[in-house]
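Sequential numbering from 1 along the given sequence is applied to the chain's residues.
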Amino acid sequence: MAGRNRIASIAATFGPSGRMIARRGLLIGAGGLAVAGLAGRAWQQGLLGGDNPALAAWDDWASQRQAGPLKLVGAGVLASSPHNTQPWAFAVGRFGVDIFEVPGRNLGTMDPFGRERLAGLGGAIHNMALASTALGRAAKVKLLPDPQNPAHVARVILGPDGSGPAAHPLLPFIARRHTHRGAWRGGPVSEAKLAAVLAFPAFAGVKVALFAASSPLGKRFAALTDEATVAITGDAAMMADSHRWFRHERRDAERLMDGLTLATSGVSPWLATAGAMLPAQSAADEGKYWLASTRDTHLPTASLFGLILTPGPHDRRSALLVGSAWQRLHLGATAAGLVAQPLNQLPEMIDREAQLRAPPRFARAADALLDDPAWRPSFAFRLGQADAPAGAALRRPVSAVLGPPARMAWEVEQWKEAGGAY
């Protein structure tokens, strides 16, 4: 879920302040042709004009176009997921929804044990549980309901009409929650806002730790995140696996409806439009820009850093609960007028070292952030305040993520338990 951007070569054209310092002929000497080319590339990147069908899922939820169990799926597809891989599929029945992991939608060496993929699924499950309150039907969530099928990560069981609680106050923020990868204002966050962000029921085996960016722990977090970013950007396999989820062209974004784009990379709109004129960047160039963004933007402009901790980061149930906690925290932050971004470089490098059976340098270094080393970092993030909201990311619509109907045997069982009443 850590942000990836791809306009590294803009560094040769623009200085830190955004002023043009070289290649002036790109935009000036070529006159009208340069302007036309810029507009053309900007349109190809989805930065100028036209409706984008890959963003329709956000409006579908906000305008309440789905009904019944499909409404749950409409909320699930808007959850946060690593690199916007959207690793989910859903099976809808009259009595509920089954949620399945799609292992092929993976980050490879960036997430060798599927920890972040499961976190994305946990976020979808949490959105769906919240969305059930919009139906007026009681909901019960069962994690990993089928021991014979590990990919069946959850089942949301719906009760009869009128059995549920009142609509949850966070429902409107499901369609407003977006990852903000740009520069923020910094500065302290009020205690009232922090309390609102953290005011959610505890998830078993999950803790949230927050550090002020200016505190010793915050500075240690920033240093470790910087070191982890250097390690990742120097790992060709990791950068290649990250890079394949960047959608460089509008046609790819509209066809695949997933991954990251220049429009959501965190740079200002005008700089993104200028960058759109440049050719698509390589994985190595993306790494250079990502490292620069981490050092110059993400770390120094945050108000707080945070870790979501669990004793077993690679335990499937724990990973799902960590993702649910992140989704709830991000929704709460959005409702409180704050912005958030995953910064998962540290847990990603912990996993990479374990995969390579290398000395656990980053795992040991993380101990300095922990009150109890038995609780391990499974998710890392920054939290703060920004002058402008983030844009919406690409999303596959409900119609693209539906699988076969929920198993008929379960539907019949539920119908019998209800006495055929609904």
Side-chain angles (χ1 to χ4, degrees), residues 66 68-81 86-103 114-115 117-165 168 170-171 174 200-206 308 310-328 331 378 398 401-422:
Q66 291 113 3
L70 281 177
K71 197 173 189 70
L72 274 61
V73 181
V77 301
L78 299 185
S80 174
S81 67
Q86 304 172 44
W88 43 62
F90 306 89
V92 177
R94 184 178 179 186
F95 297 99
V97 181
D98 286 313
I99 304 100
F100 296 92
E101 177 185 18
V102 182
R115 173 188 49 78
R117 184 170 68 247
L118 286 165
L121 287 158
I125 293 165
H126 187 69
N127 262 12
M128 295 168 74
L130 286 181
S132 71
T133 68
L135 302 181
R137 297 172 65 179
K140 179 168 60 175
V141 177
K142 288 187 176 181
L143 297 180
L144 305 173
D146 185 356
Q148 303 304 314
N149 183 7
H152 188 181
V153 295
R155 168 172 283 161
V156 181
I157 303 172
L158 292 170
D161 291 342
S163 61
H168 198 281
L170 287 178
L171 286 176
I174 287 177
F200 59 88
F203 294 94
V206 173
I308 303 179
T310 183
H314 302 138
D315 172 74
R316 290 178 69 80
R317 179 179 294 272
S318 297
L320 291 170
L321 291 172
V322 165
S324 290
W326 167 245
Q327 187 69 21
R328 182 57 172 266
L331 287 170
S378 186
V398 168
V401 296
L402 293 179
R407 286 175 293 182
M408 185 60 67
W410 177 70
E411 288 282 297
V412 171
E413 176 186 325
Q414 293 298 115
W415 180 80
K416 287 180 178 178
E417 287 186 5
Y422 71 104

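- Judged as a side-chain hydrogen bond (donor to acceptor under 3.5 Å, both in side chains), and not counting sequence neighbours, the contacts of Gln86 are Asn84, Arg396.
- Taking every heavy atom of both residues into account, Leu320 and Leu118 meet most closely at CD2-O, 3.3 Å.
- Leu72 places a side-chain heavy atom less than 4.5 Å from the side chain of Leu135.
- Closest approach of Gly205 and Thr310 over heavy atoms only: O-OG1, 2.9 Å.
- Looking at every heavy atom in both residues, Ala138 comes nearest to Ser163 through N-OG, 2.8 Å.
- Atom CG of residue Asn127 and atom CD1 of residue Ile174 lie 4.5 Å apart, to the nearest 0.5 angstrom.
- A donor-acceptor contact shorter than 3.5 Å is absent between the side chain of Arg155 and the backbone of Gly96.
- Contact annotation: the side chain of Phe90 never approaches that of Val398 to less than 4.5 Å [non-hydrogen atoms, C-beta and beyond].
- Scanning all heavy atoms of the two residues, the minimum distance from Ala139 to Val156 falls at CB-CG1, 4.2 Å.
- The distance from atom CG of Asp98 to atom NZ of Lys142, rounded to the nearest 0.5 Å, is 11.0 Å.
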Steps toward side-chain contact (heavy atoms from CB on, under 4.5 Å) verdict (Val153, Arg316): CA-CA 9 Å; Val153 295; Arg316 290 178 69 80; 3.9 Å; yes

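- Of all the heavy atoms in Ala325 and Phe203, the pair that sits closest is CA-CE1, 3.7 Å.
- Of all heavy-atom pairs between Gly123 and Ala79, the closest is C-CB, 3.4 Å.
- Pro87 places none of its side-chain heavy atoms less than 4.5 Å from the side chain of Glu101.
- When side chains are defined from C-beta on, Leu158 counts as touching Ser132, because their heavy atoms get closer than 4.5 Å.
- Checked against side-chain contact (heavy atoms from CB on, under 4.5 Å), Asn149 has the following partners two or more places apart in sequence or in another chain: Phe100, Asp146, Ala151, His152.
- The backbone N or O of Pro313 sits nowhere less than 3.5 Å from a side-chain atom of Ser318 that would complete a donor-acceptor pair.
- Considering only heavy atoms from C-beta on, Gln66 stays 4.5 Å or farther from Val73 through its side chain.
- Annotation: the span from Ser324 atom OG to Phe200 atom CZ amounts to 10.0 Å, rounded to 0.5 Å.
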Could you check Val102 against Val401 for side-chain contact (heavy atoms from CB on, under 4.5 Å), going step by step and ending with a plain yes or no? CA-CA 10 Å; Val102 182; Val401 296; over 6 Å; no

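- In this structure, the side-chain contact (heavy atoms from CB on, under 4.5 Å) partners of His168, at least two apart in sequence or on a different chain, are Leu130, Thr133, Leu170, Leu171, Arg328.
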